[in-house]
Visitor: 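Encoded as structure tokens, here's the structure I'll be asking about.
All ligand and atom numbering here is 1-based and tracks the order in the structure.
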Amino acid sequence: MTRSHTFSSLCAGFLERLSYQTLDATRAEDFPALAEKVGTPRHGVAMFLSTAPSLFEQTIAGLSACGLASGTSRIGLEKPLGTSLESSALINDAVARVFSEDRIFRIDHYLGKETVQNLLALRFANMLFEPLWNASHIDHVQITVAETVGLEGRVGFYDGAGALRDMVQNHMLQLLALVAMEPPASFDATSIRDEKVKVLRSLRDLQAGDSVTGQYRAGAIHGVAVPGYDDELGRASDTETFVALRAHVDNWRWKGVPFYLRTGKRLPERKTEIVIQFKAVPHSIFAKQGAKAEPNRLIIGIQPQENIRLSVMAKSPGLDRGGVRLREVPLDISMPNAFAGAKRRIAYERLLLDLIEGDQTLFVRRDEVEAQWQWIDSIRAGWAENGLDPKTYTAGSWGPSSAIALVERDGVTWHD
Ligand code: BG6
């Protein structure tokens, strides 16, 4: 049998097992037909709910009434799960009335990304970094999630959310938690989530001046003209499509280390990366010769480049009659090259399989979500109090100039 023949017969077998059932989530009488179609599978039911927040309660109630929520069945929940601590608590309460926490799988698809999990391997499977992973050796951390896309037809949803709630509340805070957490005792759901939630609860409330927001105007991405946010929306709006923050994790390990977070739509390139900026050597023996030892930097590329790059100082070759010359050179590990031949899996492939098998390690627990919302709500309250309005930026630029000023005040430049 040829490979393509095997694939098409596997595919046909799989498709035969799929069926489609429409229902109106607001009509309780529609649910029994779904339950009938599902039947009583031997290993229980794994459900995945991706719906508007306003339909959550009724959908869960409907699943419960028709018997689909009972026993060992599990539910995967896709965002948005609310727009504030209060509204997310209402959704979480509605789900908790029917499913115990060990059967609830809140998805943050960034946790399903191979390179995000690799962050755990980098930190906890190597001796090299952990002794340096603290305020004594790290100057600051930068987390960038840059996108080139605009509204992508999600006008209704996005304008009610904005970059802070759409990207920072979930994906960026999860990345921050993985960077900042203490070593968990083991790689299991409770150990990992216990450590993450401690970080999320240690986030300091921002001061006025710790955040910058922006909204894109018409510009060009990769040479192609794109409209402004207000043009796409068809009206003026004060929703932010860019946000930059200076955050702090108030604990021993991270005392005085700023975490600069930045995300936005219509930026010049699609790039998610984490930069760990180490401190300078305490005393440079090369200074008298006029050579500068730049501080080391570890750059963890999450997407689209999946690589880990450590900048180290090296001596430029030569006889050095005029004094030693130093240059920064990268130690570069490209994941696709290092694992050539290994099949790369997309986030949802991994997460849906974990949901089916009941492994919660890469799903977000309720206390994490609530700690995330608490911090985000306090930022939004500060914005409202100080009347912070998004500054405009041209599509294809790295956001408003005040985002550059935010870090420059600390003597830092964004890694673009
Ligand atoms: C989603 C946001 O959660 O993540 C989108 O709602 C965003 O606005 C998307 O575009 C980004 O995901 P990825 O995997 O493309 O980085």
Visitor: How about Lys279: does its NZ atom have over 12 heavy atoms from other parts shown lying under 6.0 Å from it?
Guide: yes
Visitor: Provide the full list of side chain to side chain donor-acceptor pair (under 3.5 Å) pairs with a residue in residues 142-152, sequence neighbours left out, each pair given once.
Guide: His140-Gln142, Thr144-Arg262, Glu147-Lys265
Visitor: Is any NZ, NE, NH1 or NH2 atom of the basic residue among Arg344 and Glu306 found under 4.0 Å from an Asp or Glu carboxylate oxygen of the other?
Guide: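 A salt bridge is present here (some side-chain N lies under 4.0 Å from a carboxylate O).
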Visitor: Tell me, please, which residues at least two apart from Asp377 pass salt bridge (charged side-chain N to carboxylate O under 4.0 Å, His left out).
Guide: none
Visitor: Could you tell me whether Arg246 and Asp410 have a side-chain N and a carboxylate O separated by less than 4.0 Å?
Guide: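 Yes, this pair counts.
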Visitor: Tell me the residues surrounding ligand 1, counting only those with a heavy atom closer than 4.0 angstrom, sorted by chain and number.
Guide: Lys79, His109, Tyr110, Lys113, Glu147, Arg154, Asp166, Met167, His171, Lys265, Arg270, Gln303
Visitor: Can you pull the side chain to side chain donor-acceptor pair (under 3.5 Å) pairs that have at least one residue in residues 11-35, sequence neighbours excluded?
Guide: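 The answer is Gln21-Lys37, Asp24-Thr26, Arg27-Asp30.
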